[in-house]
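Keep in mind that what you see is a predicted model, and the values were worked out from it rather than measured. This chain uses plain numbering: 1 for the first residue, then up along the sequence.
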Amino acid sequence: MDRRSRKWWWVLALGIVLPGAVAVWKYQLVGLAYHWAQTLRNEARWSADGIWLPAYRVTQDALPLEGIADNASGLTYNPHTGTLFTVINKPPAVAELSREGRVLRQLPLKGVVDPEGITHMHDDLFVLAEERSQQLIVLRIAQDATELDAQGAPRLGLAVDLSGNLGFEGVSWDQERQRLLVAKEKSPLRIFEITGLPEALAGSRFDVQIREWLESRSPGLFMRDLSSLTLHEPTGHMLVLSDESKLVVEYDAEGEPVSLMPLWRGRHGLARSVPQPEGIALDDQGALYLLSEPNLFYRFERREPASWMKAAGN
């Protein structure tokens, strides 16, 4: 083979290998393959007793949120009102949504510059996550409120690994274990668990502990970023959402991966891939909700009831 032919063979080889290497990096295929194998291994154990993402199909697909043009991010369910709440970061606001994706009210928000996450704690108490400054703000949202002011509200700052627009993206309250779960988007990817907040807020005891949540016996958080998370009380399992990987991952209470939901066209009944998933929540009926920037609403439901749904009378 002459020199010119060898050159073209090298060009051809690079043309084949390079796109494959890019795909492996972009979609974290090694970690994805491991978690997919775990899903297959876990089906007998968790298909009835876990959240079990393969059982979900979309029933509300990419519904635009009327009255919200842009920047909807984060999602939480309030069982007391039977409604969902999201944050809007420009201009800062909180919006309440029905479970069908109807905007019920929008509340202008003062004292928070870059809200990206929200979670319901109890009654009318919520926690908001501010991304750039990595602040967690405790805020009351009354049913008759028309605006919100977080100036002077209790807050906790975790100014660790500050990385501009790559800070706190998701937050979820775990009522059973009385802990707050917080997702840092990337650089590096992290999930924190914070305990002692209710006692500190009540003034009865100050013992706030911050730990890093880690996967158990697995390669670690393999997604390219973290955009939201939610804790499911009936199972104790956690759902972690990644925008860049377009993926939802279920973990059990011990941090073991359980199941996956790719947010790709054709999967779970989706007509198109979810463009920029930024918020995730589960309601007390077992329905799963996603919010995608700028303003798209998704609802997924299980094809067959789970054991925890039957136990709750759903």
Side-chain angles (χ1 to χ4, degrees), residues 34-35 38-56 74-80 84 117-123 125-127 129 136 170-184 189-199 208-218 220-223 226-242 247-261 279-290 300-302 304-314:
Y34 171 85
H35 285 71
Q38 287 292 98
T39 294
L40 297 175
R41 194 178 299 120
N42 286 327
E43 183 170 5
R45 178 184 179 190
W46 290 120
S47 58
D49 298 333
I51 300 170
W52 195 246
L53 295 168
Y56 280 82
L75 199 61
T76 191
Y77 175 70
N78 181 350
H80 299 292
L84 299 152
I118 183 171
T119 187
H120 175 256
M121 287 186 73
H122 59 80
D123 301 321
L125 201 64
F126 293 75
V127 177
L136 302 166
V171 61
S172 182
W173 176 247
D174 179 354
Q175 181 65 27
E176 179 67 26
R177 297 171 68 175
Q178 293 287 289
R179 60 175 178 161
L180 187 68
L181 297 163
V182 184
K184 185 180 185 298
L189 280 71
R190 278 184 169 174
I191 296 177
F192 297 103
E193 49 182 334
I194 303 169
T195 57
L197 286 180
E199 295 83 359
V208 176
Q209 300 293 323
I210 303 170
R211 303 177 183 87
E212 186 170 6
W213 179 92
L214 298 170
E215 277 194 67
S216 174
R217 298 195 300 275
S218 76
L221 292 165
F222 71 99
M223 295 82 87
L226 303 177
S227 55
S228 189
L229 77 171
T230 190
L231 196 286
H232 184 235
E233 299 288 348
T235 60
H237 290 196
M238 178 173 64
L239 296 182
V240 177
L241 174 66
S242 172
L247 195 66
V248 182
V249 184
E250 175 187 3
Y251 293 96
D252 68 14
E254 282 70 49
E256 290 281 350
V258 172
S259 70
L260 300 173
M261 177 188 277
I280 188 168
L282 285 155
D283 71 13
D284 49 9
Q285 305 294 312
L288 189 157
Y289 303 88
L290 287 180
F300 298 80
E301 296 181 58
R302 278 189 64 122
E304 296 178 0
S307 60
W308 47 268
M309 295 169 68
K310 295 171 186 175
N314 296 329

request  = Kindly say whether Ile51 contributes a backbone atom to a donor-acceptor pair with the side chain of Arg302 at under 3.5 angstrom?
outcome  = yes
Heavy-atom pair with the smallest gap, counting every atom of Gly286 and Tyr56 = O-OH, 2.7 Å
query = Hey, what do you get for CG (Asp252) to CE (Met238), rounding to the nearest 0.5 Å?
reply = 9.5 Å
remark   = Interatomic distance, CZ@Arg211 vs CD1@Ile191, rounded to 0.5 Å, equals 15.5 Å
key: Neighbour count >12 (heavy atoms, 6.0 Å) for atom CD, Glu212   = yes
key: Nearest-0.5 Å distance that lies between atom CD in Glu199 and atom CD in Gln178   = 6.5 Å
ask   = Judged by atom type as modelled, is there a donor-acceptor pair below 3.5 Å linking the side chain of Thr230 to the main-chain atoms of Leu239?
value = no
inquiry  = Could you check whether any side-chain N or O of Ser228 sits under 3.5 Å from a backbone N or O of Leu241, counting only pairs where one atom can act as donor and the other as acceptor?
reply    = no
key: Main-chain N/O of Glu43 paired to Trp52 side chain as donor or acceptor, under 3.5 Å   = no
request  = Answer yes or no: does atom CD of Glu176 have more than 12 heavy-atom neighbours from other residues, nucleotides or ligands under 6.0 Å?
outcome  = no
ask   = If you look at every heavy atom in Trp308 and Asp49, which pair is closest and at what distance?
value = CD1-O, 3.5 Å
remark   = Rounded to the nearest 0.5 angstrom, the CG-CG distance for Leu290 and Leu75 is 8.0 Å
Atom pair CE (Met261) and CZ (Phe300), whose distance is rounded to the nearest 0.5 Å = 5.0 Å
query = Which residue, Asp174, Asn78, Val127, forms the side-chain contact (heavy atoms from CB on, under 4.5 Å) with Thr119?
reply = Val127
inquiry  = Counting C-beta onward and ignoring hydrogens, is there a side-chain heavy-atom pair between Leu181 and Arg179 closer than 4.5 Å?
reply    = yes
request  = Say whether, by atom type as modelled, one donor and one acceptor occur between the side chain of Glu233 and the main chain of Gln175 under 3.5 angstrom.
outcome  = yes
request  = Measure from the side-chain N and O atoms of Thr235 to the backbone N and O of Gly50, and report whether any donor-acceptor pair falls under 3.5 Å.
outcome  = no
message = Is there a side-chain contact between Trp46 and His237 in this structure, where contact means two heavy atoms from C-beta onward sitting under 4.5 Å apart?
response = yes
query = Given Arg177 and Leu231, is the side chain to side chain contact (heavy atoms under 4.5 Å, CB included) satisfied, shown in steps?
reply = CA-CA 11 Å; Arg177 297 171 68 175; Leu231 196 286; over 6 Å; no
request  = Could you go through the side chain to side chain contact (heavy atoms under 4.5 Å, CB included) check for Leu197 and Leu136 one step at a time?
outcome  = CA-CA 11 Å; Leu197 286 180; Leu136 302 166; 6.0 Å; no
task = Give, for atom CG of Leu229 and atom CD1 of Ile280, the distance between the pair rounded to the nearest 0.5 Å.
result = 9.0 Å
query = Does Thr76 use its side chain to pair, donor to acceptor, with the backbone of His120 at less than 3.5 Å?
reply = yes
